[in-house]
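Note sheet for the following structure.
Quantities reported herein were computed from a predicted structural model and do not represent experimental measurements.
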Amino acid sequence: MQLALAAPVQFIAGAQFYEGAYKALKGKSANMDVLIALGTTTAFFYSIFLGYEWHVGGQQGMPELYFEAAAVIITLVILGKLFEVRAKGRTGKAIEKLLNMQAKTAMVVRDGEEVEVAVEDVVVGDRVIVRPGEKIPVDGTIQAGSSAVDESMITGESIPVDKNTGDSVIGSTVNKNGSLTFEATRVGKDTALAQIVKVVEDAQGSKADIQRVADRVSGVFVPIVVLIAIGSFLAWYFLIEPGDVRSALVPLITILVIACPCALGLATPTSIMAGSGRAAEMGVLFKGGEHLENTRSVTTVVLDKTGTITKGEPELTDVRVADGFNEADILQMVAAAEKSSEHPLASAIVRGIAARNISFDNPDTFEALPGAGISATVQGKQVLVGTRKLMREQSVDLQFFQAEMEQFESDGKTAMLIAVDDELAGVIAVADTIKETSVDAIERMQDLGLEVIMLTGDNERTAQAIGKQVGIDRVIAEVVPEQKAKEIEKLQAKDKYVAMVGDGINDAPALAVADIGMAIGTGTDIAIEASDVTLMRGDLHSVADSFVISNKTMRNIKQNLFFAFFYNSVGIPIAAAGLLAPWVAGAAMAFSSVSVVGNALRLQRMSFKGVKRSS
């Protein structure tokens, strides 16, 4: 009866262990399946032998069989696997949440009519209409309309972002209060959401270096356990209970079961899955488990200035005019002159003047002077806007505004002189303002023991001013794009483990050279592609978050490895002494796996207590 009940468990439910053991041995390695298959098979067939011996020999009394031990071991291990699968399924909730954010349908204009189609059927170039309260189905560029868009699922920022014609929108974000018509630019697997999901999946499926160590330990551990089990059997059979196969068999089976390294195999991947999933929820995307592991080793963080520490959107901040000139008239001429320029500073000047309710026309003539400024004719007058060098070349006297120029530059602003008909008329200042969160975020990094350096192509005076405002002591300025990577290499040559944080095309080489490259998610695709970590929020708090996440995940992995080895190191000697029943060993081995997974799941509740965060 025991044989009839145990056989389906051993060879049907337990077939997965035989298959796994065969594949492992065929690949010249050993894993947990080898131990389970060896232990349960030994117990099962030895019980058949005892039963046959009892039947043929006509002995009185039922012999001590081990069918139930083999069946219970397999049942407990499979039950443990069920708990593991259910628990590990919870670590994939980050991806599930992201996928649930996607819109299911889209309203597109085709042949002049509005048609509702599945989001999978939207193609690049489609005109998509989104009404208030609806999700934006795919990435695109607004052609008509204006609205506030909730982008919190991408950036983590709760305040909706104002969007107008020409602005980009991201699929799965929510249109709040206005109708938008936009052209689809990225669909399907190319959308921002799809890329985020891919990065998280890749990270959860990759192996950290510590996992490779665990794999190698497991490969050596299994053969050693088999030898210990055989040695224990021989010791009991020849020395402790000479000639008693039954007494020698119990410790052999128990050792094979209690030593099963399944918890060791789970220790790292479950933590990586939970840690990277929680990181994704917080807008930090690690492109692989190795990057999640290595981030904790960073000693030096190098920050680009524009678009990283600062907003990357210059604003007109100051205007000074010379005696005898009217400020409104000068600004009107400057706006007209700068209107035709494509330079970002020109756009900032024009926006700033327009915000002062000053109207202006197109210039009569316009000429861009690379590296110097512009020259234009406005209302019959020659207008120059630019550097000291430009003014000197045109024999314009600079003395009147020399002090203002130096003060603006000391404050981290870019100052430009204005001349009308070769006479100095004024000076205007433009500043790339610091992000509201930069100061607190940099202080958090420093509190974590990180050296923070600013690396920028801006002039020394402006760079030092920005550095002073945000609390960075070391500033490397006036560095051309191709030299940024060399500056990173210089730091690495001093045995510093460097993380580079940037957002622009010019940062891509430095991001690639750095030990850990971190790209601001609001930056260019090239920068993001060259990086190891993408910070979706565009907020430097994400940099500090990434170090906290890495440290907590690695600490969790080490705790898991302790749990895995604790059961083995304590259980094997007890089993060798014959003090542990095989089914108890199976229960303990299953519990060790559940302990490891349960500990890893704590990462999903990861918090940042005691660490400064801005509101």
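Applying the side-chain hydrogen bond (donor to acceptor under 3.5 Å, both in side chains) rule to Q469 yields no partners; only residues at least two apart in sequence or on another chain are considered. The side-chain contact (heavy atoms from CB on, under 4.5 Å) test applied to A431 returns T317, K413, not counting sequence neighbours. Residues passing the salt bridge (charged side-chain N to carboxylate O under 4.0 Å, His left out) test with R602, sequence neighbours excluded: none. For D167, the salt bridge (charged side-chain N to carboxylate O under 4.0 Å, His left out) criterion is met by no residue, not counting sequence neighbours. Considering only residues two or more places apart in sequence or on other chains, E19 meets the salt bridge (charged side-chain N to carboxylate O under 4.0 Å, His left out) condition with K23. Judged as a side-chain contact (heavy atoms from CB on, under 4.5 Å), and not counting sequence neighbours, the contacts of I453 are T300, V302, E451, R474, I476, L491.
A salt bridge does not link E487 with K484: every distance from a Lys NZ or Arg NE/NH1/NH2 to an Asp or Glu carboxylate oxygen is 4.0 Å or more. Salt-bridge formation is detected for the pair D545/R444: a Lys NZ or Arg NE/NH1/NH2 atom is positioned less than 4.0 Å from an Asp or Glu carboxylate oxygen. A salt bridge is absent between K494 and E489: the closest approach of a Lys/Arg side-chain nitrogen to an acidic carboxylate oxygen does not fall below 4.0 angstrom.
A heavy-atom distance below 4.5 Å is not found between the side chains of L455 and K305. At least one side-chain heavy atom of V533 sits less than 4.5 Å from a side-chain heavy atom of V284. A 4.5 Å side-chain heavy-atom check between F286 and D532 finds every atom pair outside the cut-off. Counting only heavy atoms from C-beta outward, the side chains of Q492 and D515 approach each other to under 4.5 Å. In this structure, I516 and V498 have side chains that are not in contact, with every pair of non-hydrogen atoms separated by 4.5 Å or more.
The CG atom of N551 lies 10.0 Å from the CG atom of L292; values are rounded to the nearest 0.5 Å.
By the 6.0 Å contact criterion, CG on D190 is enclosed, its count of non-hydrogen atoms from other residues, nucleotides or ligands being greater than 12.
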- Task: List the steps, then state whether side-chain contact (heavy atoms from CB on, under 4.5 Å) holds for F182 with D139.
- Result: CA-CA 9 Å; F182 68 92; D139 299 359; over 6 Å; no
- Item | CA sep, side-chain torsions, deciding dist, call: M454, T308, side-chain contact (heavy atoms from CB on, under 4.5 Å) | CA-CA 10 Å; M454 187 171 79; T308 302; over 6 Å; no
- Start with the C-alpha gap between L603 and T553, add the side-chain angles, then the distance that decides, and say whether side-chain contact (heavy atoms from CB on, under 4.5 Å) holds. CA-CA 7 Å; L603 290 171; T553 301; 4.2 Å; yes
- Task: Apply the test side-chain contact (heavy atoms from CB on, under 4.5 Å) to residues K435 and I309: give CA-CA distance (whole Å), side-chain angles for both, the deciding distance (0.1 Å), then the verdict.
- Result: CA-CA 6 Å; K435 292 178 181 178; I309 296 176; over 6 Å; no
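Of the residues V187, V124, I170, the one that meets the side chain to side chain contact (heavy atoms under 4.5 Å, CB included) test with V138 is V187.
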